[in-house]
Amino acid sequence: MSEKTAALAVSGLSVTFSTDAGAVNAVRDVSYEVFPGEVLAIVGESGSGKSVSSRTAIGLLPHSASVRGLVTIGDRPVTSMTERQLTALRGGDVSMVFQEPARALDPLFTVGFQICEALRAHSGMRRKAAKAKAIELLRTVGLPDPEHRVDYYPHQLSGGQKQRVMIAIAISCEPKVIIADEPTTALDVTVQAEILELLRDLRDRLGSAIVLITHNMGVVADLADRVVVMRAGEVVEQAPVHELFASPKADYTRALLAAVPHLGAATAQRPAIDRTVEPVLDVKDLVVTFPGPFGRPAFRAVDGVSLQIRPGETLGLVGESGSGKSTIGRCVAALQRPSEGHVLIRGQDIAELSQRKLRPIRRRFGFVFQDPAGSLNPRLTVGECVAEPLVVHGIGDKASIRERVRHMLDDVQLAAGSENRYPHELSGGQRQRASLARALVLDPDLLVADEPTSALDVSVQAAVLELFAELQRGCGWACLFISHDLAVVDQLADRIMVLREGSCVEEGDNEQILRNPQHEYTRRLVAAVPVPDPVEQRRRRAEIAGTMTEEPHDS
């Protein structure tokens, strides 16, 4: 390995940001290399400098950043390139899959146009050939009906589908270095397995070097050759993947691995739910239909789903991207009107209420959105974002609101002083913690949590899940927990409902759904969950591939 020239080399890198609250040392004296045909995983807590160190390699740091050290792609120094040279470098030699696809995709253009733009800029393809290639790429990353969805705008796709589009753009010109910043965060486990196989194929077929930034240790075990562990802007450990999992040297690495949720490892006894009590949430025969674009048939996103959640109970809603999970959550939170059916909160049908009558009821439920960047007002500080529900509903004076905000930020483990920063000054995981604090600040009767831990590293995820359980035990609110992470759902939920193409295919307790699934689709979901053990995960890979080959998209 040492005789090869590194595809990407980072040497003595330090990055400091100038903010309104003072200088922030995001990265301090970081060095690592990734070679052709190798996958290097960079792991660590949110704000540890994982993304910042890798964004330096593609010249995507803001003007407020001050950089010292050297970053090279092949033998070319990136840190001394002009903007014109960086533009030529991006896409062709190095590309990036961003953590938040909703922010990275342009809402004014179709996803097909954005893929074609990358192809034509770096390969000189004609328009017709570029569109055919774009459809092929969308099919490769598992987007359903790519011939039609190539003409969709980003807002017409689910979070996971937008992430697939981002990956298609990143791999469109077959770059020498792919920087994948949480590439599977928004993806369900079956598509995650397909994407990991796709990245593995690019590495083997093209010799691409891959820098994988992730908090999912199952993904690390499945794909990585070597691992760099970062904390507070510094590298605390580097090792081959098998060595790191088998015998981690640093205390922090051991704590990180101990916090990883394992499917089937949930041991905490959840309190029994009284089934005689009236449900907080009662959804009856819910149907949501969206009009088809350009005269095409209407799309039924939710098809006759019914569910109930009682005080203190958590229902886990799982399924592939586009299965209707988030649409149901939006109907429950009165952010989407159903086409048919009823949504009852404490016996009151909110589907029929006007916005004026909904306002006093809204304080009874909170919502944690999948995309924290879109849910926090960029013009307000984090403290003001968290306080906003209290201010809107006229709860408390300035002093009590300020104290309540500080308490909530402490509960979700945001550092002191975070209340004075703006959302764009936080990492993705930190923004999600602020979004969680905002949802819980009113002590709701019902919490709708749409992928609430998808952007969190495993150590903070463990703390947040414990916070969820603790608050629920103390306050007794009901929770609709929407997630593609079955290990997290297993840890938190009392019951699980499995959705596919808008319909419920199976429902039951955790033991039934995750340990003894009856439906073939559920069995495929469970089989595709990556295990945080390189030896075990690589043994399972062939079994997963065989399952998907036999039943690619059938129930």
Side-chain angles (χ1 to χ4, degrees), residues 185-186 188-189 215-218 258-274 279-281 307-319 323 325-326 328-329 332-333 365-370 372 411-413 429 432-433 435-437 439-440 443-499 506-515 517 522 525-526 529-530 532:
T185 292
D188 57 83
V189 289
H215 62 263
N216 189 326
M217 299 305 287
V260 177
H262 294 245
L263 190 63
T267 57
Q269 186 67 36
R270 292 184 59 80
I273 303 300
D274 186 353
V280 175
L281 173 65
L307 58 89
Q308 291 183 334
I309 311 178
R310 287 174 169 78
E313 182 180 27
T314 296
L315 174 67
L317 207 57
V318 303
S323 63
K325 306 187 301 294
S326 295
I328 292 173
V332 169
F365 50 78
F367 199 112
V368 183
F369 291 88
Q370 183 176 357
D411 280 347
V412 297
Q413 296 189 3
Q432 189 65 294
R433 285 181 253 175
S435 179
L436 177 60
L440 296 176
D443 291 326
D445 292 334
L446 172 67
L447 182 69
V448 180
D450 188 355
E451 302 284 4
T453 61
S454 63
L456 300 183
D457 57 83
V458 291
S459 57
V460 176
Q461 175 178 269
V464 168
L465 292 176
E466 179 57 37
L467 171 66
F468 257 72
E470 181 182 335
L471 288 174
Q472 192 174 34
R473 284 192 297 267
C475 303
W477 37 260
C479 180
L480 179 63
F481 192 88
I482 301 167
S483 180
H484 65 267
D485 191 329
L486 297 186
V488 168
V489 170
D490 186 25
Q491 182 175 335
L492 199 66
D494 300 286
R495 292 184 299 115
I496 299 172
M497 175 180 285
V498 183
L499 291 176
E506 192 165 1
E507 182 181 6
D509 60 30
N510 296 16
E511 183 67 29
Q512 173 190 330
I513 298 299
L514 299 179
R515 259 74 80 186
T522 309
L525 283 180
V526 174
V529 177

Contact check, side chains of Val318 and Ile513, non-hydrogen atoms, under 4.5 Å: no
Minimum side-chain heavy-atom gap Phe365-Val280 below 4.5 Å: no
Provide the closest heavy-atom pair for [X] versus [Y] in the form atom of the first, atom of the second, distance.
X	Y	answer
Ala469	Leu492	N-CD1, 4.3 Å
Asn510	Asp490	ND2-O, 3.1 Å
Gly329	Leu480	CA-CD2, 4.2 Å
Arg495	Gln308	NH2-O, 2.5 Å
Leu446	Cys479	CD1-N, 4.2 Å
Trp477	Pro444	CB-O, 3.0 Å

side-chain hydrogen bond (donor to acceptor under 3.5 Å, both in side chains) partners of Gln472, counting only residues at least two apart: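 Result, side-chain hydrogen bond (donor to acceptor under 3.5 Å, both in side chains) vs Gln472: Arg270, Thr314.
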Rounded distance (nearest 0.5 Å) linking atom [atom1] of [X] with atom [atom2] of [Y]:
X	Y	atom1	atom2	answer
Leu436	Asp411	CG	CG	9.0 Å
Leu465	Gln491	CG	CD	5.0 Å
Leu514	Ile496	CG	CD1	4.0 Å

Any donor-acceptor pair under 3.5 Å from Lys325 side chain to Gly319 backbone: yes
Test applied, side-chain contact (heavy atoms from CB on, under 4.5 Å); reference residue, Leu281; option that passes from Leu315, Ile309, Asp445: Ile309
